[in-house]
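Small disclaimer: the values here were computed from a predicted structure and weren't measured.
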Amino acid sequence: MRLTDLTYAHAVMRAHGINPQKRYGQNFLTNAQVVDTIAEICADEECGIIEIGPGIGTLTEALCPLYKKVVAIEIDRNLIPVLHETLSRFNNLEIIEGDAMKIDFKEFCKDHFGDMRVCVCANLPYYITSPIIMKLLEEDSPIESITVMIQKEVADRLCANPGTSEYGAITAAVQYYSESEKCFNVAPGNFIPPPKVTSTVIKMNKLSEPSVKCSDTKLLFTLVRLAFEQRRKTLANALSSISPKEFTENVAEELGYPRDVRGEKLSIDDFAYMADKLKNNTNV
């Protein structure tokens, strides 16, 4: 019997005195088709898989038969004995109690996977979605792709196009490090307890090199952050603390935008161009 069976899942949780913890954003999947599809699209069979937040093991039991090795990282120590019980039949699984936000994934991959190719697959708690995604993208680790189920609103932001209301600083950052796509939506009724929002499965393939070249990455992301801190400001006003307004307006025109353009119109390529121009301008 699979953990997507509601009767079995409830019985397992009752036996261990487990209630989904709001502080960890725990919502356990109960739709076998959704679980299997996520497991199938996240990698190829030669990969090792890091799962963050396995819960009671619903997704984990779909991952283990498909991949060479699965390492599940669970922050809730009360779930560790549950996972050992529900997943005891898999000899390619390692269960680790820990906080993914505190893990050095470069060393983690070396220690647990050796030379194996590694991908991440997870039903992420909503409260750590953005921090964990950025950590996985920014770190110099061998992780090739990140397939996660997240809040639909966040997925829309991560995959947004410049000029749309969903486009923001995190969009530009994700586009700098990866190629991302939305795979499918998951309704609240597929979880226990049901969340209040629709979820979306998104896959991000990490780029071997950033999508744009920039001589000063720190300056690039400073520009991105400032441009979106107050979206209603023009780009020139938003960047006025580090770039003279006339200079910013001139660069905007070079990029083909009006002088009063807002930051939400610029692509990550545009921000990189502006960062290089600012870096190389001796009069600034």
Side-chain angles (χ1 to χ4, degrees), residues 1-43 45 47-101 103 112 119-129 132 146-152 183-202:
M1 190 175 295
R2 293 185 60 179
L3 288 161
T4 48
D5 183 284
L6 277 173
T7 302
Y8 178 45
H10 280 299
V12 167
M13 288 191 287
R14 280 198 305 271
H16 290 269
I18 296 297
N19 290 304
Q21 296 295 306
K22 185 175 291 187
R23 63 176 172 150
Y24 292 136
Q26 291 172 345
N27 301 91
F28 303 141
L29 267 169
T30 59
N31 184 312
Q33 184 177 357
V34 170
V35 170
D36 291 343
T37 303
I38 295 171
E40 288 165 4
I41 67 174
C42 72
E45 61 185 12
C47 288
I49 302 294
I50 297 173
E51 184 187 6
I52 298 170
I56 60 174
T58 309
L59 177 58
T60 324
E61 72 174 352
L63 290 167
C64 287
L66 297 178
Y67 301 105
K68 296 182 79 171
K69 183 176 182 179
V70 177
V71 179
I73 305 167
E74 178 54 58
I75 193 172
D76 186 353
R77 65 177 56 188
N78 294 321
L79 289 174
I80 301 300
V82 182
L83 291 166
H84 281 295
E85 177 185 308
T86 60
L87 304 169
S88 60
R89 64 192 182 279
F90 298 113
N91 58 16
N92 64 333
L93 171 66
E94 187 175 355
I95 299 166
I96 293 176
E97 179 189 337
D99 183 350
M101 287 300 298
I103 289 174
H112 295 277
C119 296
V120 170
C121 187
N123 171 19
L124 281 183
Y126 294 153
Y127 78 101
I128 64 161
T129 294
I132 194 63
I146 304 162
T147 302
V148 290
M149 180 155 54
I150 58 179
Q151 188 174 341
K152 181 180 182 299
C183 302
F184 58 92
N185 295 331
V186 184
N190 293 292
F191 301 84
I192 50 172
K196 296 180 180 179
V197 297
T198 298
S199 302
T200 297
V201 176
I202 181 174

Which residues share a side chain to side chain donor-acceptor pair (under 3.5 Å) with [X], sequence neighbours left out:
{"X": "Thr86", "answer": "none"}
{"X": "His84", "answer": "none"}
{"X": "Asn92", "answer": "none"}
{"X": "Glu61", "answer": "Arg89"}

By side chain to side chain contact (heavy atoms under 4.5 Å, CB included), which residues pair with [X], not counting sequence neighbours?
{"X": "Arg14", "result": "His10, Ala11"}
{"X": "Ala9", "result": "Ile56, Ile192"}
{"X": "Ile132", "result": "Ile52, Ala100, Met101, Leu124, Ile128, Lys135, Leu136"}

**OP:** Start with the C-alpha gap between Cys183 and Ile41, add the side-chain angles, then the distance that decides, and say whether side chain to side chain contact (heavy atoms under 4.5 Å, CB included) holds.
**Re:** CA-CA 9 Å; Cys183 302; Ile41 67 174; 3.8 Å; yes
If you compare all heavy atoms of [X] against all heavy atoms of [Y], which two are closest, and at what distance to 0.1 Å?
{"X": "Lys68", "Y": "Glu45", "value": "CG-O, 3.3 Å"}
{"X": "Pro54", "Y": "Glu74", "value": "CD-OE1, 3.2 Å"}
{"X": "Tyr67", "Y": "Cys47", "value": "CB-O, 3.5 Å"}

Original post:
Knowing that exactly one of Ile49, Ile73, Ile50 qualifies, which makes a side chain to side chain contact (heavy atoms under 4.5 Å, CB included) with Val120?
Top reply: Ile50
If you define the side chain from C-beta out and look only at heavy atoms, does anything of [X] sit under 4.5 Å from [Y]?
{"X": "Cys121", "Y": "Leu59", "value": "yes"}
{"X": "Cys42", "Y": "Leu63", "value": "yes"}
{"X": "Phe191", "Y": "Asn123", "value": "yes"}
{"X": "Thr4", "Y": "Asn31", "value": "no"}
{"X": "Val186", "Y": "Met149", "value": "yes"}

Going from [atom1] on [X] to [atom2] on [Y], what distance comes out if it is rounded to the nearest 0.5 angstrom?
{"X": "Thr58", "Y": "Ile38", "atom1": "OG1", "atom2": "CD1", "result": "10.5 Å"}
{"X": "Ile75", "Y": "Ile96", "atom1": "CD1", "atom2": "CD1", "result": "13.5 Å"}
{"X": "Leu83", "Y": "Ser88", "atom1": "CG", "atom2": "OG", "result": "11.0 Å"}
{"X": "Tyr8", "Y": "Thr30", "atom1": "OH", "atom2": "OG1", "result": "15.0 Å"}
{"X": "Met13", "Y": "Asn78", "atom1": "CE", "atom2": "CG", "result": "13.5 Å"}
{"X": "Asn190", "Y": "Leu29", "atom1": "CG", "atom2": "CG", "result": "7.0 Å"}

Subject >> side-chain hydrogen bond (donor to acceptor under 3.5 Å, both in side chains) contacts in which one or both residues fall within residues 32-43, not counting sequence neighbours >> reply: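 For residues 32-43, and leaving out neighbouring residues, the side-chain hydrogen bond (donor to acceptor under 3.5 Å, both in side chains) pairs sorted by first residue read Arg2-Asp36.
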Subject >> side-chain hydrogen bond (donor to acceptor under 3.5 Å, both in side chains) partners of residues 193-202, not counting sequence neighbours, each pair once >> reply: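 Sorted result for residues 193-202: Tyr126-Ser199, Asn185-Thr200.
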Subject >> salt bridge (Lys or Arg N to Asp or Glu O under 4.0 Å) involving Glu97 - partner list, sequence neighbours excluded >> reply: Arg77
**OP:** Apply ring-ring contact (aromatic ring centres under 6.0 Å, His included) to His112 and list each qualifying residue two or more places apart in sequence or on a separate chain.
**Re:** Phe108
